[in-house]
Enquirer: 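If you scroll down you'll find the structure; I have some questions about it.
Every chain is numbered from 1, with letters handed out A, B, ... down the list of sequences. Note: hydrogens, waters and symmetry copies are ignored here, and every other heavy atom, side chains too, is used. Here the structure is a predicted model, which means the values were calculated and not measured.
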Amino acid sequence: MDKRFPQYDELDLPKVAEEVLKQWETEDTFGQSLQLRKNAPPFVFYEGPPSANGLPGIHHVMARTIKDIFCRYQTQKGHRVDRKAGWDTHGLPIELGVEKELGITKEDIGKTISIEEYNAACKKAVMRYTDVWNDLTRRIGFWLDLEHPYVTYHTKYIESVWHLLKQLYDQDLLYKGYTIQPYSPAAGTGLSSHELNQPGTYKPVKDTSVVAMFRVIRNAASEFLFTPVENGRGEMVQWGDVFILAWTTTPWTLPSNTALTVNPGLEYVRVITYNPYRKNEKCTVVLAKAALERIFNRGWEYRITTNMEIDAEEDSAWKNEGQNARSLLWGVDGEFYGHQLEGVRYEQLLPYAQPEDGDAFKVIAGDFVTTEDGTGVVHTAPSFGADDQRVARQHGIGSLTLVDLRGRFKPEVTDFAGEYVKAEYLSAEEQAAEAKKQGRDKYLSVDERIAIKLKTEGRAFKVEKYEHNYPHCWRTDKPVLYYPLDSWFVRVTAKKDRLIALNKTITWKPESTGTGRFGNWLENLQDWNLSRSRYWGIPLPIWRTEDGSEEICIGSLKQLKEEIARSVQAGILPADPYAAFVPNDMSDANYDGIDIHRPYVDHIVLVSPSGKPMRRETDLIDVWFDSGAMPYAQWHYPFENEATFKEKFPAAFIAEGVDQTRGWFYTLHAIATLTQDSVAYQTVVSNGLVLDKVGQKMSKRLGNAVDPFKTLDQYGADAVRWYMISNASPWDNLKFDAEGITEVQRKFFRALFNTYTFFALYANIDGFDGTGEATLTESDRWILSRLNSVLKLADASYADYEPTIAARAIQDFVVEDLSNWYVRLNRRRFWKGELGADKNAAFRTLHRCLEVIAMLSAPIAPFFSDRLYRDLKGMSVHLSDWPKHDESLIDTELEQRTALAQKLTSLVLSIRKKEGHRVRQPLQKMLVPVTDAAMRTRLEAIRDLVLSEVNVKELVILDASESKLTKKIKPDFKKLGARMGKLMKSVAAAVNAFSQAQIAELEANGRLKLAIEGQEVELLREDVEITAENVPGLSVASEGPLTVALDITLTDELVQEGIARELVSRIQTLRKESGFEVTDRIQMRIGAGADGPITAALARFGSYITAETLSLTPVDQVLGDPDGLAGAVVHAVDLEDGVGCRIALSRVAS
RNA sequence: AGUCCUGUAGCUCAGCUGGUUAGAGCGCUACACUGAUAAUGUAGAGGUCCGCAGUUCAAAUCUGCGCAGGACUACCA
């Protein structure tokens, strides 16, 4: 037999994927698909570069699947979709990984290991897992040009980045500033705000918080705080020293305090009380009125001033228990506004050092001060807070920076010199060692010891643990400090309006990420801190004279060479270290011949216009700038490929995880806006997280991470991809459950595979070749109509970046419509009789369905659909053109009609079930009452279909209006509600209570007047739904408006036919069990009692039985002694209770 | 603390331009079917549609306030 259509024994998706992958590689199918669209309009996709120093996880399968889907879809739609791979190769994660491997810290770099060696190690480390990544990319079927990736450490890439920086510089969008920045002492670098905004950086921590007491110096400005008070004995006394209360959660910054900030517009109060940690020591404290309750909240007792002294003396409990006492006496004595406190001076709290760059220790005003927390007075340490620094600068206040870059106190802080300011910077062992030194069981943090010191000195009013969220370094997990640093910034705030306006033109999937998360981010934009004090990254191309008066930003290697030449000429640089480089030679060899990373680029000293030496600013740039520069740098634009760049900018589509919102999505957007005044991408899909099956984040620590390779091995890429896409929208988090993949495999892929196998089996037998006359039946037209509806929906969904809708529609079609309905109903047409117009129609229809489904599924399941398409059409589906949907083939009426047939069928089957009649037992008739002509027409059309489905001989259509059926009436709320309004409830109640007579009247007249709540309302026939509820005397089932009655009377003839069918079924099973081919002819003999039901059935339906079973035995010889049939095997068969026979079968040699 | 997303059957998800029996698949139970068969059909059990209030004749659907989970934002002294 000619096997035009390959047949398979079983479905093995991983094997299919492997084989198809091999085919792709030998045929270069990807290359062909690009070649095919060489001159087609481009669809531009940007691949976000992964960092190859870590292993890929299952979430990468998700992200890459999404990217692949739309690239494949657009290719099928006739676009040229180039996909250049890329690698993100610089940055902190890589450096920290290398440090760990080499067992060094940042301090060692340049000492125990040269920068050269260190960077070489980074370069090696970063590409370590490229093979693993490439393997994953291939195995999940993500088509990407892995042969020509862009790599961010290549000289060409860096040159493009320099060019971008120069553009920013020339627009005055790059500046150097001394600012307070988030700084990670553990990583040894400042952090940009978007690094701080990585998921999980803000964590709840319990810090020691202190309300410190700053002693006011008495002078003219503060005199009003020193007013004497009456002490209860009629004497006017000075109530102890006067203190300003200020709260902090970072006691380690107190030694660096240089000012106190109050809100000039807020009300403050003077409170007379006692020091909570010093028994019976009077004091006067100043704080915001609104903070009173919070500070004096421990059941501390409020007393009017005059009796306080006496009460305090009498209250021995208070005297002895101090802070633990039930009550602390206090009284408000004087109110004033914050601005009155301005200029008040106080004694330095912890006098370890004096600021040299300005005034200090006085009260200043700042609008940012609130009373939501603390005392309404902000302890101000200009070095460790952005607000602090700004307000201090405004008031000429100096600063103290008593902490070094590793997060340790400087020597001046004698009590704590050299100690880390955060306990988290010490390992458990170090903490234990420190505890020993301290002579304690447990290590006490600097914060805790400062609090103790203040308590003993009588300068603490309140010490509490305070839980709040604090930012942590995204790489080291250690707390961040705010620290004054010199850095270079991109002035993105200057273009804030453009950034916002351009964002509004971007299509975000889902929309809320763009308007909410990203939109809000842009609204609160901060300048982009570009500096990183590290080694492995793109060096900042700015050279400066020592005094900073002259500087130059280099935008190309050519320019650098020219400047070097000038410097050499001026005698500043002995020789050109890049002498080998030839400007304007764009060959890779020329570019790869030099290295412009540190330390090489650091050795270059340029000459300023006035002849002074200029050295490079030592910082690197933020790696996020690297990846944000990929639209330009991947093409070495503007030095090469200008046309290519222009054609491929901006991208039509990008996709990454939501975690990139403030990462890559932002840097792409910022750089494009600032340098091109354009978006970098028109559509962005941000996918959600992949969680484990109970909804927890996957992590190595929890051991619930899923290995992508094992998953692919086990299920094949198609099933994994299909599962991920069909289960939930990409932007919803996916609870990854392997059982879901199994289900997809079983339902969708097996149904599709079985359908194809079925087709191939009979198409091969009949030698179907797609030609010949074809007369489409109603069900052919139906499935083609459904197919076109699905095609239309899938097309629109893919175009709208809604792959889940497409996947579900395709899957439903395959499983329900095609496999469970069309193929099941039409089975006989495929194997019965010779190849003719009808059979041809069946083959063609099924072939078309499979072919289109292969094309629709190709973006999501690229391997299996390619195999399917190749088997059907002999070419790769990925080289095919997306099918056009044919509106004329969509027949809604037909689809509805078939839906009606399906519903009717299911109703009849449910009656059979209820009455205990199996489907093989034919029944005489079914009755369906109808209410209108349209319904009657529909029923006529599906009559044969339904009858054969449910094995009933006759369908009687009853006219519901005339018969004596019991009726049911239901108001149409949508129609009536609008008209009846408030009366609706009563109307509904009245309608539901209608008698059969009333229903009949409404049906007859078309209208009925009702009295509802004293008003007359008119009910029209269209306002209600009238359905038949019952057919007296018959077994009935109904669903909604549809009712079916089944006549279950059995005649002898019906019983015999049932037995005949039963026999056919048994014989077919026996044929199969005996290993006969579907086309084999047989001889048969049946032994049964002479006057039993089987004999009667054989007498009447013998020829039917022999025809169905391909039996050559003459009908009148079938009944006989089974043992008499030569070479046959005899089987005993029970048809139903008490009815049995013996059957002999033998194959006739063909 | 604020913003956004999510909350529907044991599980995964539809439905959500308001309309009266809230659906599917999986899983479970029972029965049936058998020329695709590790498939399929029918039936059953399983729901305070997260809670409360409001708008409305009518709310899973719209509004407000909560609760839970997640993501994000924040210099929070």
Enquirer: Among B:A77, B:A39, B:U20, which is the nearest nucleotide to the side chain of A:F973?
Expert: B:U20

Enquirer: Rounding to an integer number of angstrom, what distance separates B:C50 and B:U73 when you compare their P atoms?
Expert: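 29 Å, rounded to whole Å.
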
Enquirer: Give me the distance, rounded to whole Å, that separates B:C52 from B:C67 when you measure between the C1' atoms they each carry.
Expert: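 Those two atoms are separated by 10 Å.
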
Enquirer: B:G27 and B:A45: how far apart are their C1' atoms, nearest whole angstrom?
Expert: 12 Å

Enquirer: Does the separation of the ring centres of A:F665 and A:F518 fall below 6.0 angstrom?
Expert: no

Enquirer: Quick one: which of B:C76, B:G19, B:A77 gets closest to the side chain of A:M984?
Expert: B:G19

Enquirer: Side chain of A:N733 only, heavy atoms from C-beta on: which candidate in B:A36, B:A77, B:G70 is closest?
Expert: B:G70

Enquirer: Considering heavy-atom distances to RNA chain B, does A:T755 or A:D737 have its closest nucleotide positioned more toward the 5' end?
Expert: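 Going by which nucleotide is closer to the 5' end, it is A:D737.
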
Enquirer: Taking the same atom, P, in B:G7 and in B:A14, what whole-Å distance lies between them?
Expert: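 B:G7 and B:A14 have their P atoms separated by 8 Å.
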
Enquirer: Give a yes or no on whether a donor-acceptor pair under 3.5 Å exists between the nucleobase atoms of B:A77, that is its base, and the side chain of A:T250.
Expert: no

Enquirer: Using Watson-Crick or G-U wobble geometry with both distances below 3.5 Å, tell me the partner of B:U3, or none.
Expert: B:A71

Enquirer: Is A:R746 near enough to B:G27 that one of its side-chain N or O atoms lies under 4.0 angstrom from OP1 or OP2?
Expert: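 For B:G27, OP1 or OP2 has a side-chain N or O of A:R746 closer than 4.0 Å.
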
Enquirer: When the P atoms of B:C65 and B:U3 are compared, how many Å lie between them, rounded to an integer?
Expert: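 Those two atoms are separated by 9 Å.
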
Enquirer: Across all strands, who's sitting opposite B:C26 as a Watson-Crick or G-U wobble pair, both distances under 3.5 Å?
Expert: B:G10

Enquirer: Distance-only, no hydrogens or angles: does the A:R1081 side chain make a donor-acceptor pair with backbone N or O of A:L1110 under 3.5 Å?
Expert: no

Enquirer: Would you find more than 12 non-hydrogen atoms of other residues, nucleotides or ligands less than 6.0 Å from A:E523 atom CD?
Expert: yes

Enquirer: Which nucleotide sits closest to the side chain of A:K735: B:U37, B:C76, B:U12?
Expert: B:U12

Enquirer: For A:Y822, is there any backbone N or O sitting under 3.5 Å from a side-chain donor or acceptor partner on A:N826?
Expert: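 Judged by distance alone, yes, a pair lies under 3.5 Å.
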
Enquirer: Restricting to pairs with a member in residues 741-765 of chain A, which pass salt bridge (Lys or Arg N to Asp or Glu O under 4.0 Å), not counting sequence neighbours?
Expert: none

Enquirer: Report the nucleotide, chosen from B:A39, B:G41, B:U73, that has the shortest atom-to-atom distance to any side-chain atom of A:W521.
Expert: B:U73

Enquirer: Describe, in one word, how the ring planes of A:Y762 and A:F758 are oriented to each other, choosing from parallel (under 30°), tilted (30 to 60°) and perpendicular (over 60°).
Expert: perpendicular

Enquirer: Side chain of A:L689, heavy atoms from C-beta onward: which of B:A77, B:A71, B:G27 has the nearest atom to it?
Expert: B:A71

Enquirer: Considering only atom C1', compute the distance from B:U55 to B:C13 and round it to an integer number of Å.
Expert: 30 Å

Enquirer: Using atom C1' in both nucleotides, what's the gap between B:U40 and B:U48 to the nearest angstrom?
Expert: 36 Å

Enquirer: Please state the C1' separation for the pair B:G41 and B:C33 - nearest whole angstrom.
Expert: 7 Å

Enquirer: Output a table of nitrogen or oxygen pairs between the protein and nucleotides 14-16 of chain B separated by less than 3.5 Å.
Expert:
{"residue": "B:A14", "atom": "O5'", "partner": "A:R808", "partner atom": "NH1", "Å": "3.4"}

